[in-house]
Amino acid sequence: MATYSRLPGSVALITLQNPPVNALSAAVRQGIVDTVQRALKDPKVTSVVICGQNGKFCGGADIREFAGPMLGPPLVPMIHAIEAVDKPVAAAIEGVALGGGLELALGCHYRIAHSKALLGLPEVTLGLLPGAGGSQRLPRLIGLTAALDLITTGRQHDSSFFSSLHLLCVCSQSISSVCVSGQSLDSRRLSTLPCPCPPDVDSLLDKTMVKVRQRSRGALAPVACVQALMAAASLPYTQGMEKERDLLTTLFNSGQARALQYAFFSQRVVGKWSLPSGASWDNSAARTISKAAVIGLGTMGRGIVVALALTGISVVAVETQEKQLAEASQVVPAMLQREAGRRSLATPPGVISFSSNLQDVCEVELVIEAVFEDMSLKLQVFRHLTSVCRPGTLLCSNTSGLDIDRLAAVTQSPGLVVGMHFFAPAHVMKLLEVVYGPRSSPEAVATAMQLGKRMGKVSVAVGNCPGFVGNRMLKPYLEQANFLLEEGATPQQVDEVLEEFGFPMGVFRMSDLSGLDVGWRIRKEAGLTGPGVESTRTRQGRRYSPLPDQVCEAGRLGQKTGRGWYQYDGPGGRVARSDHWVNIFLEAYRAEHGLVARSIAPEEILERCLYALINEGFNILQDAMAAGPEDIDAIYVFGYGWPRHHGGPMFHAGQVGLGRILERLQHHHHNHPDVPHLKPSTLLRRLVAVGSPPVQKWREFINKERVHSQL
Ligand SMILES: CCCCCCCC/C=C\C=C\CC(=O)SCCNC(=O)CCNC(=O)[C@H](O)C(C)(C)COP(=O)(O)OP(=O)(O)OC[C@H]1O[C@@H](n2cnc3c(N)ncnc32)[C@H](O)[C@@H]1OP(=O)(O)O
C-alpha cells in the first residue's frame, strides 16, 4: 500500500509500504493512484514527494506477482498520469530504486537521492526490459549511449554515478522531506524531450547488438532492450512506447523470463539451507570469523586468500614449498590490490601474512586446506592441523570431490570439519559448495555458509558424495561427450551444439582450459586407467572411453601445453583451432576398436549430454545430497556456466517436460544398455507417474516420498 501525509506547509508525502523492498505490488500501485489523486484534490498541497518506507525507495515490480494474473492498476498509465500532473512531483530516493522503482522516479518531475542509494534497471536479468516507460524516458534524460549500457547490462550504480548523468541530485543526509518550488514543469516531463544521440547512432546500435548477442548467446531480453532503445532513438515517444509494450509482451510470455525469474528466487532459496538432520539456517548459529588460514598456495589457494582478505579477514597463508611461497607472496598482494580497487571496498582488506610453517596456524579460528587433490596428502595435513590448532578451530577442505568424512575421521573434532569447494578463480567465481559430512555440526555448516555470503558467494549446502553435486553431474556429461566422439562426432561438433544452447564454452574447449590432466589424475586414482590397466572400452563392468587418457598420454594436456582437443598458439594460448591430429587420432582409434563413424544429429548430441547430466541431478535429489532442485540449478548457473536464461538443469527438465526427458533417456539407454548413467532415475519416473508437477513442488514431493519410503 501507500500512505498519505501532509508535511507542515504545502507538501504531500506519499510513502510506499511493502516490506522488504517496497515492491510495486497491486496494492502499492492502487495506493499510489489513490494518494496522488488525493494530493491533486487538496488545494493546500502545492507539491508532492514520493518516498519508500524503511529507508528503501522501491525494488521494482513485485516479481512474486509475475506468476499470477495481473491485478490492480497497470504501471504504464499510472506513471504517465504522475508525469502529466500540474503540481510538481519529486521522488525522494533512499536505499534502492530499481526497475519499476526507477521508472516511477523517471515519471516524477524531480529526483533527489541519498548518497548511498543504489539505482538501476535490472529487468534484463529477469528476462524483461524496462517496460514501464524506462526504455523511452531514460535515454531522453541521460542520452542513448549511457542508457544502452545501463539497460542492456542491468548494472546498478550509486547516486553519484547518476548525478554525473544529471538524472538526480544527491544529498548526504537522511531524506525526511524535500521541497520543490513552483517552476514550469514543461521541461521536467521526460516523455516530451528529444533523445540525445551520438552522430554515429546506427553504428553504435549495431555494435551494441553484436556485443549483447556475443555476451549471452541465445538470450532474448538483451536483444529486445537494444530494439526498444532503437525505437527511443528514432520514433516519437508514443510510438516508442508501443514498441516497448510489444517487446515486453513477447518477453513476458517467453520461457526465458520464467527461467530467469526462477533463477532470481533460487539464488535466495539456497541461502535458506536445511540438512536432512533438521538443522537449518534459522536454527543454527554461525561463528563470525576474523582470522583464518589457507594451506597450499597454488592457483586455488591464492584465490581463496584474496577472497578472505577482501572481506576484511586476516589471513595466514601457508605454503611449505619455498619456490611456490616466494611466488605467491609476490602475486597475492597484487591480486588483492587489483580486486579491492575494482570493487571499491567499504571494508579495508584484511592483513595477509605468509609462512612456510604449518605451526603458524595455531591462533586462527578457521583453516581452509587447498593442497593438491590427493587423499593421502590431505589426510596428512588434517592430522597435522588437528594437533597444532586450538581446540574448536573449524577445519575446511577445498577438495573438489574427495570424502570429507575420511578427513574428519583423522581429527579430534569431526563435527568441526566441512568442505568449502571454491571454483577457479576463487576470488571471482560466485559459487561455493559447502559440503557437510555425516558428522559435520550445524555450527560448522552455518559458519561456512555465512562466510561464503560475506565473500559475496552463492553458497550451497551439499551432501558428501564423490564429486559432491556439481562434479558428480559433470561426470555423465563428459562421458557422453567422449562416447559421441567414439561414435563419429568431432570435438567442434559437440562444442558447437553446446555453445548454441548457451554455454559460454563447449565441453572440449572447457576441458582444454581446465587442463586434461585433472580428470586423468582422478581416473588414475579410481583405478580406471594407468599402468597395468588393460586398454579396453569396458572398465569396472561398464562402458568406458579411453580417448581422453590417450590424448593425455600423447602429452596434450590442453591450453597449458598448447595442444589438447584443439590446438593453440603455443602453451598458454587461448584461441582454439581445430587440429588435424585429433581427426587422424579419432579415425585410428575407431579403426582399432572396430567402430564405424556415423553422422550424429545435433539433437542427439544435446540430448545425450544434457539429459545424462539432468538424470544424475534426479539421482542426487533422490539421495538427498541436495535439498532441492533450486540448489542444483544455482550450482550449475553460478559454477558451471549453465545459461541463466535456461534456469538451471532441473528447471530446464521441467520446461522440456519430464515425460519427454524420461522417454528420451529410455530411448538412449535402450541403444546403450552398457551406460548406467542413461538409465532413468527412480525419482524422475515417480515424478512422471504423479503427473510431472512443476519444479517448485518437487522438494515437497521428495520429502513426502522419503517419509513413505518410496525413494
Ligand atoms: C502480457 C504482458 C504484460 C506485461 C506486464 C508486466 C508488468 C511489468 C511492468 C513493468 C516491469 C517492471 C519490471 C521490474 O521492475 S522487474 C523488478 C526489477 N527489480 C529487481 O530486479 C530488483 C531485484 N531485487 C534485488 O536486486 C535485491 O533483492 C535488492 C532489492 C537489491 C535487495 O537485495 P538484498 O538486500 O541483498 O536482499 P535480497 O535480495 O535477499 O531480497 C530480500 C527479499 O526481498 C525479495 N525481493 C527483492 N526484490 C523483490 C522484488 N522486486 N519483488 C519481490 N520480491 C523482491 C527477495 O526475494 C527477498 O525475499 P526473501 O527474503 O523471501 O528471500
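Whatever order the structure lists them in is the order used to number ligands and atoms, beginning at 1.
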Report task. Mark up the atoms of ligand 1 that fall under 4.0 Å of a heavy atom belonging to K272, in ascending order. Result -> 60 (P), 61 (O), 62 (O), 63 (O)
Query raised in the report: Would F66 and F252 count as a close aromatic pair, with their ring centres under 6.0 Å?
Result: yes
Report summary line: So the atoms of ligand 1 within less than 4.0 Å of a heavy atom of L75 turn out to be 10 (C)
Query raised in the report: Is there a side-chain hydrogen bond (donor to acceptor under 3.5 Å, both in side chains) between Y4 and D34 once you walk through the steps?
Result: CA-CA 9 Å; Y4 181 88; D34 294 345; over 6 Å; no
Query raised in the report: Does the protein put a heavy atom under 4.0 Å from atom 62 (O) of ligand 1?
Result: yes
**Report entry** ligand 1 contacted by R245 (non-hydrogen, < 4.0 Å)
**Finding:** no
Query - Axial cation check for F264 ring with R268, 6.0 Å and 45° limits - result: yes
Query raised in the report: Would R140 and Y237 count as having a side-chain donor-acceptor pair, cut-off 3.5 Å?
Result: no
Report summary line: Among G127, G101, P122, the residue with a heavy atom nearest to atom 21 (O) of ligand 1 is P122
Query raised in the report: Less than 4.0 Å between a side-chain N and a carboxylate O, is that true for R155 and D149?
Result: yes
Report task. Please confirm whether W698 and F618 have ring centers closer than 6.0 angstrom. Result -> yes
Query raised in the report: Aromatic ring centroids of Y640 and F423 under 6.0 Å?
Result: yes
Query raised in the report: Would you say R268 has any N or O atom under 3.5 Å from an N or O of ligand 1, going by distance alone?
Result: yes
Query raised in the report: Which bit of V21 is near ligand 1, meaning a heavy atom under 4.0 Å away: side chain, backbone, both or neither?
Result: side chain
Report task. Mind telling me whether F501 and F503 have parallel, tilted or perpendicular rings, with 30° and 60° as the class edges? Result -> tilted
Report task. Would you mind running through ligand 1 and noting each atom that sits below 4.0 Å from a heavy atom of G100? Result -> 14 (C), 15 (O)
Report task. Could you tell me whether some N/O pair between I63 and ligand 1 is separated by less than 3.5 angstrom? Result -> yes
Query raised in the report: Are R245 and E242 ion-paired here, with the side-chain N under 4.0 Å from a carboxylate O?
Result: no
Query - ligand 1 to P20 polar contact by distance, N or O atoms, under 3.5 Å - result: no
Requested in this report: Calculate, to the nearest 0.5 Å, the distance between atoms CZ and CD belonging to R29 and E65 respectively.
Outcome: 5.5 Å
Requested in this report: Could you tell me which atoms of ligand 1, counted from 1 in the order shown, lie closer than 4.0 angstrom to a heavy atom of A61?
Outcome: 12 (C), 13 (C), 14 (C), 15 (O), 17 (C), 50 (C), 51 (N), 52 (N)
Requested in this report: Find all atoms of ligand 1 within a distance of less than 4.0 Å from any non-hydrogen atom belonging to G60, and give their numbers and elements.
Outcome: 15 (O)
Query raised in the report: Which is closest to atom 16 (S) of ligand 1 by heavy-atom distance: N22, L248, L126?
Result: L126
Query raised in the report: Does atom 39 (O) of ligand 1 have a protein heavy-atom neighbour under 4.0 Å away?
Result: yes
Query raised in the report: Heavy atoms only: which of A257, G99, G133, G59 is nearest to atom 19 (N) of ligand 1?
Result: G59
